[in-house]
Amino acid sequence: QVQLVESGGGLVEAGGSLRLSCLASGLPFSTYVMGWFREAPGKEREFVAAITGASGVTKYGDSVRGRFTISRDNAKNTVYLQMWRVRPEDTAVYYCAANFLSISIIRTNWNYWGQGTQVIVSS
């Protein structure tokens with residue numbers, strides 16, 4: 001069984017920082033692309049960031065590039081999303097995802113999903 005479990009969400013003031021974590025189990029973690037998506041109320045799920053397993057190549061959505069950093073620790077089967085200079089529009093449920101093939105900004109191309117963790121940015 002594959003499980004992706006997010007943690008680290010919560011309340012943060014605009015301009016602050018937060019680090020999300022995703023612990024993966026039941027898959028060969030180091031061979032999988034890992035990513036983060038987010039979904040705000042009434043909006044479609046949005047691509048945030050992704051990182052490949054083999055080379056560590058990263059990709060970011062336009063709205064977070066320069067403010068967020070994705071990283072992974074294969075020894076811990078964990079992927080992180082470091083969020084800097086957060087804005088109220090970053091408020092959303094953040095989902096961890098895993099994909100065997102490659103990085104994709106299309107959510108339906110991803111194989112596995114976590115349950116999500118809520119991030120609320122106050123203004």
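All residue numbers refer to positions in the sequence shown, counting from 1. Just the heavy atoms: all of them, side chains too, but no hydrogens, waters or symmetry mates, feed the values below.
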What heavy-atom pair brings Ser123 and Ala14 nearest, and what distance separates the two atoms?
CA-CB, 4.4 Å
Any side-chain donor-acceptor pair under 3.5 Å between Ser17 and Gln82?
no
Would you say that Glu39 contacts Tyr94 through its side chain, given a criterion of any heavy-atom pair below 4.5 Å between the two side chains?
no
How long is the gap from CG on Asn77 to OH on Tyr32, to the nearest 0.5 Å?
12.5 Å
Hydrogens and angles aside, do Arg72 and Asn74 bring a side-chain donor and acceptor to less than 3.5 Å of each other?
yes
Looking at every non-hydrogen atom in both residues, tell me the closest pair between Thr78 and Phe29 and how far apart they are.
N-CZ, 3.6 Å
What about Phe37 and Phe47, are their ring centers closer than 6.0 Å?
yes
Atom pair CG/OH of Leu23 and Tyr80 - distance to nearest 0.5 Å:
9.0 Å
Looking at Ile105, I'd like to know if its CD1 atom is crowded, meaning that more than 12 non-hydrogen atoms belonging to other residues, nucleotides or ligands lie closer than 6.0 Å.
no
Backbone N or O of Ser104 within a donor-acceptor pair of the Trp110 side chain at under 3.5 Å?
yes
Which heavy atom in Ala50 sits nearest to a heavy atom in Val33, and how many Å separate them?
CB-CG1, 4.4 Å
Do Val119 and Leu20 come within less than 4.5 Å of each other through their side chains, counting heavy atoms only?
yes
Please confirm whether the backbone N or O of Ser25 pairs with a side-chain atom of Gln3, one donor and one acceptor, at under 3.5 Å?
no
Could you measure the distance from the CG atom of Leu18 to the CH2 atom of Trp84? Nearest 0.5 Å is fine.
11.0 Å
Answer yes or no: is there a side-chain heavy-atom contact under 4.5 Å between Val48 and Leu81?
yes
Taking all non-hydrogen atoms of both residues, which atom of Cys22 and which atom of Met34 are closest, and how far apart?
SG-CE, 4.4 Å
Taking only Lys NZ, Arg NE, NH1 and NH2, and the carboxylate oxygens of Asp or Glu, determine whether Asp62 and Arg65 approach each other closer than 4.0 Å.
yes
Does any part of the side chain of Val93, heavy atoms only, come nearer than 4.5 Å to the side chain of Thr117, both counted from C-beta?
no
Test side chain to side chain contact (heavy atoms under 4.5 Å, CB included), reference Arg107, set Glu46, Arg45, Glu44, output is Arg45
Can you tell me how far OG1 of Thr108 sits from CG of Asn111, rounded to the nearest 0.5 angstrom?
11.0 Å
Heavy-atom closest pair (Arg67 atom, Arg85 atom, distance to 0.1 Å) is NH1-O, 3.1 Å
Does one side chain, of Ser71 or Arg19, offer a donor that lies under 3.5 Å from an acceptor on the other?
no
Without swapping roles, check the side chain of Thr91 against the backbone of Ile120 for a donor-acceptor pair under 3.5 Å.
no
At their closest point, which heavy atom of Ala92 faces which heavy atom of Ala40, and how far apart are they?
CB-N, 3.8 Å
Thr52 (side chain) donor-acceptor with Val57 (main chain) under 3.5 angstrom:
yes
Between Ile103 and Ile106, is there shared hydrophobic-cluster membership here, with clusters defined by ILVMFWY side-chain heavy atoms closer than 4.5 Å?
yes
Geometric class of the Trp113/Tyr95 ring pair [parallel <30°, tilted 30-60°, perpendicular >60°]:
perpendicular
Can you confirm whether Glu13 is buried at CD, in the sense that more than 12 heavy atoms of other residues, nucleotides or ligands lie under 6.0 Å from that atom?
no
